[in-house]
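Before any comments, here is the structure.
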There are 2 protein chains.
Amino acid sequence: MAFQYLTNIPLEQARKEYLDLLIQNGMGGTSERIGVQNACERITARAVYAQICAPHYHASAMDGIAVKAAATFGATQTTPVTLAPEQYTVVDTGDPLPENCDAVIMVEDVVKEEDGSVRLFDAAAPWQHIRQIGEDICAGEMILPAYTAVTPSAIGALLAGGVMEIDVLKKPVVGIIPTGDEIIPPTSDPAPGDIIEFNSSIFSAMLRQWGAEPVTFPIVPDRFDMIKAAVSRALAECDIVVLNAGSSAGREDYSAQVIKELGGVLYHGIAMKPGKPAILGYQGAKAILGVPGYPVSGIIVIEQLLKPILEYQNHHPVRQDQMVRAQLSRPVVSGLKYQEFVRVRMGHVDGRLIATPLNRGSGVVSSFMKADGILTIPQGLEGYEAGSEVEVRLLRPVEELENTLVAIGSHDPLLDELADLLHRKDSSFYMASTHTGSMGGIMAVRRRETHVAGIHLLDEEDGTYNTSYVRRYFPNGGVRLVECVGRTQGIMAAKGNPKQIAGIEDLAASGIRYVNRQKGSGTRILMDYLCKKADLDVSSIYGYEREEFTHTSVAAQIASGSADAGMGIYSAAKMYDLAFIPVCTEQYDLLIPDSAWETTLVQEMLEILRSREFACKLEELGGYTLQSPGTVRCRF
Amino acid sequence: MAFQYLTNIPLEQARKEYLDLLIQNGMGGTSERIGVQNACERITARAVYAQICAPHYHASAMDGIAVKAAATFGATQTTPVTLAPEQYTVVDTGDPLPENCDAVIMVEDVVKEEDGSVRLFDAAAPWQHIRQIGEDICAGEMILPAYTAVTPSAIGALLAGGVMEIDVLKKPVVGIIPTGDEIIPPTSDPAPGDIIEFNSSIFSAMLRQWGAEPVTFPIVPDRFDMIKAAVSRALAECDIVVLNAGSSAGREDYSAQVIKELGGVLYHGIAMKPGKPAILGYQGAKAILGVPGYPVSGIIVIEQLLKPILEYQNHHPVRQDQMVRAQLSRPVVSGLKYQEFVRVRMGHVDGRLIATPLNRGSGVVSSFMKADGILTIPQGLEGYEAGSEVEVRLLRPVEELENTLVAIGSHDPLLDELADLLHRKDSSFYMASTHTGSMGGIMAVRRRETHVAGIHLLDEEDGTYNTSYVRRYFPNGGVRLVECVGRTQGIMAAKGNPKQIAGIEDLAASGIRYVNRQKGSGTRILMDYLCKKADLDVSSIYGYEREEFTHTSVAAQIASGSADAGMGIYSAAKMYDLAFIPVCTEQYDLLIPDSAWETTLVQEMLEILRSREFACKLEELGGYTLQSPGTVRCRF
């Protein structure tokens with residue numbers, strides 16, 4: 001319990017020392033013998049030699065007759081040679097060469113006589129038109145060296161060479177132990193306080209992709225003796241053990257002490273973010289890796305510190321992710337004391353590759369799923385300024401990025417449906433939306449970072465939507481405003497409206513907890529305007545500073561009972577079965593820069609906007625009105 | 001039987017029309033429901049939405065106390081607020097927020113009194129230090145659109161969102177039917193005339209990599225009714241059928257007729273090489289692909305014509321191979337009437353990427369295994385000249401090529417062992433040898449196409465090895481000659497030497513069939529010299545024009561009984577258990593250009609040459625003498 005030391009070792013150093021220590025302790029792979037047909041993508045444990053030649057017999061390479069070449073010597077156009085029936089044999093391609101023959105004559109060069117003999121007008125060279133023994137592979141030749149991945153064609157060469165079984169490296173077995181009192185197996189109906197254990201599922205999938213064999217052990221409560229027993233058992237059965245801490249950081253963290261008692265701890269605490277609390281432990285040649293509980297930290301630690309061990313044991317590098325240079329859309333600030341891995345969303349807009357940092361919370365697994373790349377900020381650097389050119393490790397193929405429609409701006413669930421329809425229409429097209437609010441969308445178009453921006457901005461002066469904002473922010477034009485949908489905004493409240501909220505005026509009442517949208521979002525601008533019009537002091541609304549980034553998350557807060565009301569669109573209220581007090585109908589449009597207009601991606605999207613399928617989807621979501629979506633309202 | 005039409009449709013056109021026809025006939029995928037934990041790399045069949053929020057409850061984001069924020073309002077350094085024990089709850093990170101609390105205060109900001117109350121010197125803002133419901137994922141949000149590959153982190157997001165099972169596209173089932181009277185299942189002991197059926201194993205491995213489920217049916221003899229029955233059965237069980245013809249091209253090819261009777265044939269004969277006899281057949285929406293019997297033809301046809309169908313059914317492209325520009329080392333001649341796929345070996349030498357065409361025989365499966373890339377020669381082009389810059393589709397990652405030691409020159413089995421030792425030493429290093437004979441090696445060094453060339457060239461004038469040749473071909477120097485091994489050359493003859501061959505003089509005797517090495521090889525030069533010295537007319541040696549490219553293949557011919565004698569090294573004779581009549585000891589050296597000298601790859605190789613392991617390997621092979629391998633004999 002008293003044991004707690006946290007070092008801050010640079011990642012590179014920790015990785016190297018850890019690997020060296022394990023190698024010094026005798027870490028190595030074992031092999032197993034398997035059938036060649038099941039060996040695809042496995043790694044040879046030793047060199048493999050051909051058992052037989054391929055072809056394993058002399059075969060005719062043509063349809064024709066097999067002869068003894070010497071019997072044809074002297075044949076010319078003027079002095080043909082005649083062979084008696086016993087001097088030749090009819091052969092097809094692939095047939096074995098008959099005894100005593102050493103040449104094949106093509107059927108078209110043979111003149112057959114009535115008595116069964118043949119006349120030849122050309123001498124045959126010895127071994128002509130014969131596929132000789134070993135033309136492909138000679139017995140005794142090395143087919144594959146050690147530590148080589150078996151490809152489909154290598155399977156063919158091995159079987160052709162008479163090799164039926166080979167020794168391949170056994171996949172390292174990695175035992176994963178989830179720990180924590182509050183941790184429960186995946187369920188769709190957790191109780192408050194339960195933490196769903198999905199890390200082992202993520203890690204297992206990653207490990208399989210890297211050629212390891214994951215084994216997940218049952219969840220262990222936060223008790224020292226039980227954790228120790230679980231690790232002991234895993235060590236007996238596995239080559240490597242991953243001890244995944246409960247996400248509570250405090251009093252219940254026994255991992256380091258357990259590992260120390262069972263073997264040793266090289267380092268506890270690495271200069272990396274996320275992932276600092278990682279524990280580099282071992283028992284002899286077996287790695288025991290203490291992995292923090294937050295999923296993103298865990299993913300990074302597994303990748304940075306476990307993958308190299310697997311690569312060593314498999315004697316084979318995992319296929320490297322591609323590196324690209326991209327332009328950073330926003331500044332990233334990082335600490336001097338650690339190396340940081342920042343998840344970025346990438347977009348290919350206007351001929352440039354743009355990288356936008358995603359939510360850096362290490363509990364946010366969806367941010368890893370949405371990430372297109374990882375930006376590494378070295379230790380000793382304070383970060384990068386907006387506009388910097390940075391090197392990014394791609395998590396998706398670059399062709400996918402080039403075929404991805406980028407949408408930055410106001411949130412609406414219809415954007416996800418649009419993405420789905422676009423990808424269903426042509427599976428080489430993708431759409432990636434980021435929710436920054438309407439003003440964020442306008443700024444992204446100005447900075448040439450997006451193909452399209454969803455906006456719904458009310459002009460307080462004349463009650464119009466969007467046009468006056470676009471005119472103000474794009475004085476030189478270069479953009480088009482495309483009609484999308486009309487949608488109903490209103491006050492969402494708990495089901496049955498128990499607090500009997502009838503309108504904006506009721507939000508300042510005592511006992512009403514409001515949840516707001518972030519500044520710059522169209523809904524926030526609308527709310528601010530409505531309060532002003534109603535002469536309502538926003539400081540009298542409890543929770544007005546509590547900001548959420550999407551309609552759905554506002555609805556989720558109300559549904560959970562942690563807020564009583566929030567402004568949002570009807571479809572979000574419907575999704576959470578909330579009461580909805582309509583306030584107004586607004587125009588949600590798409591702003592598209594001229595530079596993106598002619599791209600296939602934008603044109604495909606416009607076609608979908610105009611489709612019946614899209615209209616049906618909106619009908620399902622509810623609260624939308626459609627006039628002529630996909631038409632240009634205004635060109636600036 | 002009479003049915004036979006061979007078209008010559010351009011590949012692109014055939015591919016497009018075939019896909020269009022199948023789509024028009026209703027080809028599509030079906031879905032199946034599977035556990036999320038098993039869904040990695042599977043493709044979603046429809047959009048997946050979150051069932052619950054993640055987090056699904058308000059959680060403390062810190063260790064500290066949970067309070068009602070309003071109760072702390074007004075607290076400052078000078079006017080602290082005291083909360084009674086019932087006004088707060090101690091919480092750890094991850095704990096659910098207690099009823100009626102809406103803020104968390106960090107433990108370090110709390111001053112605990114003896115009576116159990118706490119004093120606070122700062123007001124808490126509502127919702128501070130709380131991980132709100134839905135921070136990661138909101139219930140109802142789309143987690144994945146349709147037709148999206150599930151990644152490890154997506155598995156985490158799905159489980160976090162309470163999704164336990166999802167609908168994924170069912171893998172298309174591809175039935176493979178091998179046909180042919182002479183075809184037998186893989187064996188290490190085939191009889192002459194048997195053809196080992198390994199195509200289905202190659203195709204299965206490829207199909208698995210592309211997300212299909214292969215099923216191989218038993219081998220069917222070349223009988224019309226039996227083939228028809230087999231295809232019918234496969235059609236009932238599979239989504240796609242591959243009918244793999246026996247390799248005999250002639251009278252036994254029923255495939256097209258069978259397919260026509262069961263459905264239809266769009267085209268029989270595509271303007272591609274290899275693969276021209278491909279049959280694009282169908283039964284309704286099910287493709288029936290007739291694939292030629294030669295393995296390389298089969299691989300190309302499957303890749304060019306079946307992969308696009310799978311990509312369509314899976315709504316997901318197979319990860320594209322990388323394209324690179326490379327310089328062609330030799331001319332490639334192709335026909336105007338077809339598109340040709342040429343397998344090339346690639347080397348990264350002296351800052352340039354070199355592509356060398358491999359054996360184009362479509363029966364040579366080892367050439368596909370050795371290929372680093374595929375060069376496509378479009379229809380209508382006669383080929384490329386040596387030195388042309390061409391576009392090559394890589395079959396290996398480019399980093400591997402950059403770490404590959406290129407050896408072109410004289411053949412010796414020790415090169416394979418060297419490759420094995422190099423890769424075992426560091427699995428990021430590779431070695432690729434091509435056997436062109438000693439003179440071919442010298443030319444490759446001159447053309448800057450290789451890092452190293454094995455040579456053993458006898459100077460007839462003074463009996464020295466290699467130096468005089470190097471001086472002649474590199475008048476300006478720039479190369480080093482590195483000592484490798486002494487090796488015993490001699491006459492290989494059948495086991496027990498039944499023809500009682502005692503020396504060169506006996507080779508011209510009647511009844512002796514000789515097998516030679518190719519012109520330009522050191523062994524051929526040696527043989528020519530020995531004949532001259534013995535005053536032997538080479539035209540009197542039967543089979544002197546029969547040329548093989550390696551010592552091993554010469555030995556294989558003798559072992560098979562198709563030749564009685566051949567010149568070669570002792571290790572090859574030993575490998576095939578042949579009689580060996582020593583003739584001389586020669587010096588086998590490695591020629592290395594200065595430009596490659598300092599590279600890690602060459603230095604690592606030299607270290608291996610000097611190692612004990614290498615010496616042991618040569619001892620095993622037999623017939624070698626070692627002085628000081630790896631030292632520079634001469635610098636030019």
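Numbers restart at 1 for each chain; the letters A, B, ... are given by sequence-line order, proteins then strands.
Between the Y576(A) side chain and the G140(B) main chain, no donor and acceptor come within less than 3.5 Å of each other. Y57(B) places no side-chain N or O within donor-acceptor distance of the main-chain N or O of P190(A), the cut-off being under 3.5 Å. With hydrogens and angles disregarded, no donor-acceptor distance shorter than 3.5 Å links the side chain of S366(A) to the backbone of A157(B). H423(A) places a side-chain N or O within 3.5 Å of a backbone atom of Y147(B) that can act as its donor or acceptor partner. A donor-acceptor pair under 3.5 Å is formed between the side chain of D420(B) and the backbone N or O of A146(A). Checked by atom type and distance alone, the side chain of Q557(A) pairs as donor or acceptor with a backbone atom of I133(B) at under 3.5 Å. Between the side chain of H316(B) and the main chain of S428(A), no donor-acceptor pair closer than 3.5 Å is present.
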Practice task
Give the C-alpha distance, both sets of side-chain angles, the deciding distance and a yes or no for side chain to side chain donor-acceptor pair (under 3.5 Å) between S562(B) and H58(A).
Solution key: CA-CA 8 Å; S562(B) 82; H58(A) 296 290; 3.0 Å; yes
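Looking at I43(B), there are no atoms closer than 4.5 Å to chain A (heavy atoms on both sides), in backbone or side chain. Residue contact with chain B, scored on non-hydrogen atoms closer than 4.5 Å, is absent for F203(A).
Top candidate by heavy-atom pairs under 4.5 Å with chain A, chosen from A59(B), G156(B), G161(B), C40(B), is G156(B).
With sequence neighbours left out, D577(A) forms a side-chain hydrogen bond (donor to acceptor under 3.5 Å, both in side chains) with K495(A). Partners of R131(A) under the salt bridge (Lys or Arg N to Asp or Glu O under 4.0 Å) rule, at least two apart in sequence or in another chain, are E135(A).
Residues S188(A) and Q51(B) have side chains that never bring a donor and an acceptor to within less than 3.5 angstrom of each other.
Residue C138(B) comes nearest to A556(A) through the heavy atom pair SG-CB, 4.2 Å, listed as atom of the first residue, atom of the second, then distance.
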